[in-house]
2 protein chains.
Amino acid sequence: MTRSSRSGNTSAPSSKDVALAAGVSQKTVSRVFNNEQYVSADVRRRVQAAAEEIGYRPNNAARALASGRTRSIGVVTLGTGLYGPASLLVGIERAVQNAGYALRVVSTLEGDPSGVAGAVESLLEQGVDGIVLSEPIDEGPLSLQVDVPVLVFGAPPSLDAPRIITAGVVSEELARLATDHLLDLGHETVHHIAGPRRWYAARDRAEGWRKALRARGAVEPPVVDGDWSARSGHAAGKALAGDDVTAVFAANDDMAIGLIRALLDAGKRVPGDVSVVGFDDTPISAYVTPPLTTVRQPFDEMASTGLRLLVHAIEQPRAGDLDPGQPPIEILVRSSTAPPRSRTTSGHERTAIPARE
Amino acid sequence: MTRSSRSGNTSAPSSKDVALAAGVSQKTVSRVFNNEQYVSADVRRRVQAAAEEIGYRPNNAARALASGRTRSIGVVTLGTGLYGPASLLVGIERAVQNAGYALRVVSTLEGDPSGVAGAVESLLEQGVDGIVLSEPIDEGPLSLQVDVPVLVFGAPPSLDAPRIITAGVVSEELARLATDHLLDLGHETVHHIAGPRRWYAARDRAEGWRKALRARGAVEPPVVDGDWSARSGHAAGKALAGDDVTAVFAANDDMAIGLIRALLDAGKRVPGDVSVVGFDDTPISAYVTPPLTTVRQPFDEMASTGLRLLVHAIEQPRAGDLDPGQPPIEILVRSSTAPPRSRTTSGHERTAIPARE
DNA sequence: ATGAAAGCGCTAACAG
DNA sequence: CTGTTAGCGCTTTCAT
């Protein structure tokens, strides 16, 4: 507990110090701290006691240098507070720790062209056993020579790595689910407020929406572009409020909320005049006015599944890839969606919507 | 086994390989990559070309081992998607990178008693030059022997470190600002929906609210406990809707939104019958119904200022502490607050409750 | 079941 | 301006 202050202000104790104190060789200390076999219980105890006594902490830099492995995973993420990326990062954090790895994070800035390549480069210098690319924006093809496995959320970029794993891309299916819900309620078609086109997620969601419309032979209204912000949803709403729009699928909840705000300001009722579906199931979406029908991405599932695959690729370099499985997806039907007014008598009071699926 | 034979399939190239290729000593390569002076421009160019040519990347583990420094900073954060902690983490990420350091993250789980100590321990093993404790929950006193400077957001825990820096705690002032705003509008008193008491931020906000009330001699209604979620704000709203409440300060925007939902459901109008102020300025707060009056924490400022101090402590161990300065704070007045409906301004003054401190 | 020796790739002193 | 010589604290390999 107490460090000898007087004589040895000589940096942190090393395994050699522990060995000396325990009366064993340095290698034996190493064995104990790596849980290797062939150490007698007695020696193990002595070493542990000595280590505790002098406050020994293994030095990971030395470990990494000698072994070539760091037991750490690096993640490249967009440095933004947006709900999707942030939630995924939280899931990755947890999954990395659960797997017994340390986490190094490098964040990129939207609009920085060399961002992703530089971020990967920096992780490689730091030394990581695997990389998670949670970079939602298409910054063009990367050509990187990476010597560790890479887990990619979003579209796989062109990079040269021993193993590339793609995980949990469900935006398209969720968008179909959302659009189908509105169509099922009887709306003739569904408008779409999309995210920025450079985002993979925005493209996937628009694509899912488009496919749902086509499958029913519904007309495909022009996409309204947003930037994920409530502000942009609000602007889109002002544009849409004049038309005879009855149903809108917004590519995230924030835009849906801005949209609803604009609709209400324009004297429309939601869902009386216009039904709205969001995307994300942000924590407040059930409590806004009206409570928002939305779809939920299984971030934790995506992160833990993805990480399982990545760790497998790290630890069994020659084995085949595991089956990623299919993450569960769901739609949360709340009060922002209803059949179009023409099909009901009174549209504006809080009507209970039969969940249909 | 010798490395770097012509076959080239032997692990990564080292600075020795670069030296060989450039016809200089290994030390000179090191000089170039550390931007040391006293390297002729010509040699510098040759080394850089050779490095590029053979795809050399410095090995940070070796660097760290030899120098005792890692140029990395570790952060302990609560593994949650909550707006506050997540926003602060984003700010820290950016600030750490701007300072030229790498970032290691360890997240803790709410309710895990040994979490923070274990997290710090793990960072110390990984090797970091400084630590950021962005742990919003009071898990009781820590007694840790840490040998690097520590930057703390929230209350300083009891730990033994060469330098402890506390940064940007402005919750209390912001809470006063929020409460004063309602009082200034003419409300007799202000109710408060608080966060969980184990959170420093919750306590600070409740304290700011309390001080504002006392300063005016307003009665201090019992605190309503929430858990930051819109759901809990909703529950609090149901409880409050029966009483003759005219003004509420919620400790975050999510609870404010849940509260408003409950108030509206109970037939109250906001701000007609009840004024509500939130806390955080979440991105959607301007677009909910009604647009929410709220206060904003300057996360980016807090992070960059804190980090400046931390880096200073790392790089100038013997210099005094820098002046943290005061982060700017502001209230965003939107449409959820108004004067009380019956400005009857009864002549009877309420007696100030005796201050207990 | 334990130990000795030899580096991992780099930086830290010193030379020159 | 450039090179030489030692390690940093650990894992590896090979003995015992």
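The sequence lines fix the lettering, A, B, ..., with proteins before strands; numbering per chain opens at 1. Keep in mind that what you see is a predicted model, and the values were worked out from it rather than measured.
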| message | Once you apply a heavy-atom cut-off of 4.0 Å, does B:Tyr56 come out as touching a base, just sugar-phosphate, or nothing? | response | sugar-phosphate
| said: Could you measure the distance from the CZ atom of B:Arg71 to the CD atom of B:Glu315? Nearest 0.5 Å is fine. | reply: 5.5 Å
| Contact class for A:Asn60 vs. all strands (heavy atom < 4.0 Å): base, sugar-phosphate, or nothing? | nothing
Would you tabulate the pairs of protein nitrogen or oxygen atoms and nucleotide nitrogen or oxygen atoms of nucleotides 1-4 of chain C closer than 3.5 angstrom?
unit_1, atom_1, unit_2, atom_2, d
C:dT2, OP1, A:Ser40, OG, 3.1
C:dT2, OP2, A:Ser40, N, 2.7
C:dT2, O4, A:Arg31, NH2, 3.3
C:dG3, OP2, A:Ser25, N, 2.8
C:dG3, OP2, A:Ser25, OG, 3.0
C:dG3, OP2, A:Thr28, OG1, 2.6
C:dG3, N7, A:Arg31, NH1, 3.2
C:dG3, O6, A:Arg31, NH2, 2.7

| field | A:Asn59 side-chain N/O to D:dC8 phosphate OP1/OP2 under 4.0 Å | value | no
| said: Using whole Å, what does the distance between atom P of nucleotide D:dT2 and atom CG of B:Asn34 come to? | reply: 15 Å
| request: Sorted by first residue and then second, give each side-chain hydrogen bond (donor to acceptor under 3.5 Å, both in side chains) pair with at least one member in residues 37-46 of chain B; sequence neighbours left out. | output: B:Asp42-B:Arg46
| Measuring from A:Glu93:CD to A:Leu89:CG, what's the distance to the nearest 0.5 Å? | 5.0 Å
| note | Nearest heavy-atom approach of B:Pro298 to B:Pro327 is CG-CB, 3.8 Å
| note | Rounded to the nearest 0.5 Å, the NZ atom of A:Lys27 sits from the CG atom of A:Asn34 at a distance of 7.0 Å
| query | Quick one: side-chain hydrogen bond (donor to acceptor under 3.5 Å, both in side chains) partners of B:Thr70, sequence neighbours excluded? | reply | B:Ser72, B:Asp129
| query | Expressed in angstrom and rounded to an integer, what is the separation of B:Ile54 atom CD1 from C:dG9 atom P? | reply | 12 Å
| Spacing of CD belonging to B:Glu139 relative to CZ belonging to B:Arg198, to within rounding of 0.5 Å | 5.0 Å
| field | B:Arg45 CZ - D:dC1 P separation (whole Å) | value | 13 Å
| request: Check the distance between C:dC10's C1' and A:Glu125's CD and give it to me in whole angstrom. | output: 13 Å
| query | Rounded to whole angstroms, how far apart are CD on A:Gln126 and P on C:dC10? | reply | 15 Å
| query | Under the ring-ring contact (aromatic ring centres under 6.0 Å, His included) test, which residues partner A:Tyr56, sequence neighbours left out? | reply | A:Phe33
| Whole-Å gap separating P (D:dT11) and CZ (A:Phe33) | 10 Å
| said: Suppose we screen for salt bridge (Lys or Arg N to Asp or Glu O under 4.0 Å). Which residues come up paired with B:Asp138, at least two apart in sequence or across chains? | reply: B:Arg203
| message | Would you say A:Ser15 places a side-chain N or O within less than 4.0 Å of OP1 or OP2 belonging to D:dG9? | response | no
| message | Contact list please: residues 62-73 of chain B against DNA chain D, heavy atoms, distance less than 4.0 Å, in numerical order. | response | B:Leu65, B:Ala66
